[in-house]
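The first residue in the sequence is number 1, and the count goes up from there.
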Amino acid sequence: MSRALQLARRAEAAGEVPVGALLVDGERIIAEGRNCMLGGSDPTAHAEIQVLRAAGQLTRNYRLPGTTLYVTLEPCPMCAGALVNARVSRLVFGVADPRVGSAGTVFDIVRAPQVNHRLIVTGGVLESECRDLLQKFFRARRSGANAGLK
């Protein structure tokens, strides 16, 4: 998760919402990613999607069984669905997303009995660090936006 936080800080430095992710197979990092929706003008360029795309290219397979995805923020519905489709085995996230969290907080797409694959989920890893990074980012964004209105 420490590496995911480093990637989230890179996203923040680029003006993106600070979310970082990596996919691991055993002890080996297969792929890394960070949010880059703004820079790529791509609403699907979430950190998790970036990681899955890179891992698929590297492994030449869209299925990634036996892997673990580490991400600083609980996945949204789009990313949770992609994790299920990719057959990722385990999800580890830092902080829950009270608005659209899809690994148990608002929805539970990754463990829903209706889907054909379910993930093992561990939340709250380095939670305070992940939360602090996101809160600091949005606080700065709000104060910057409000500064222009004075």
key: Where at least one partner belongs to residues 101-120, residue pairs that pass salt bridge (charged side-chain N to carboxylate O under 4.0 Å, His left out), sequence neighbours excluded   =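 For residues 101-120: Asp108-Arg111.
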
Under a 3.5 Å distance rule, please check whether [X] uses its side chain to pair with a backbone N or O of [Y] as donor and acceptor.
X: Thr105; Y: Ala103; answer: no
X: Ser89; Y: Pro65; answer: no
X: Asn35; Y: Pro18; answer: no

message = Apply side chain to side chain contact (heavy atoms under 4.5 Å, CB included) to residues Thr68 and Val88 and explain how you reach the verdict.
response = CA-CA 6 Å; Thr68 299; Val88 170; 5.9 Å; no

CA sep, side-chain torsions, deciding dist, call: Leu73, Glu48, side chain to side chain contact (heavy atoms under 4.5 Å, CB included) = CA-CA 10 Å; Leu73 178 65; Glu48 301 95 324; 5.9 Å; no

Decide yes or no for [X] and [Y]: does some side-chain heavy atom of the first lie under 4.5 Å from some side-chain heavy atom of the second?
X: Arg34; Y: Gln50; value: no
X: Ile30; Y: Val51; value: no
X: Gln6; Y: Leu22; value: no
X: Ile29; Y: Val24; value: yes

message = Is there a side chain to side chain contact (heavy atoms under 4.5 Å, CB included) between Leu91 and Ile120? Walk through the geometry before answering.
response = CA-CA 6 Å; Leu91 166 65; Ile120 298 165; over 6 Å; no

message = Can you list everything that forms a salt bridge (charged side-chain N to carboxylate O under 4.0 Å, His left out) with Asp42? Sequence neighbours excluded, please.
response =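 Counting only residues at least two positions away or on another chain, Asp42 forms a salt bridge (charged side-chain N to carboxylate O under 4.0 Å, His left out) with Arg53.
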
key: Verdict with reasoning, Asp25 to Leu64, per side chain to side chain contact (heavy atoms under 4.5 Å, CB included)   = CA-CA 9 Å; Asp25 187 2; Leu64 303 162; over 6 Å; no

ask   = Taking everything shown except Arg10 itself, do over 12 heavy atoms lie less than 6.0 Å from its CZ?
value =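 It does not: Arg10 CZ has 12 such atoms or fewer within range.
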
Using distance only, find each side-chain donor-acceptor pair of residues 121-137 under 3.5 Å and give its atom names and separation, not counting sequence neighbours.
| unit_1 | atom_1 | unit_2 | atom_2 | d |
| --- | --- | --- | --- | --- |
| Thr122 | OG1 | Arg90 | NH2 | 3.3 |
| Glu127 | OE2 | Arg131 | NH2 | 2.7 |

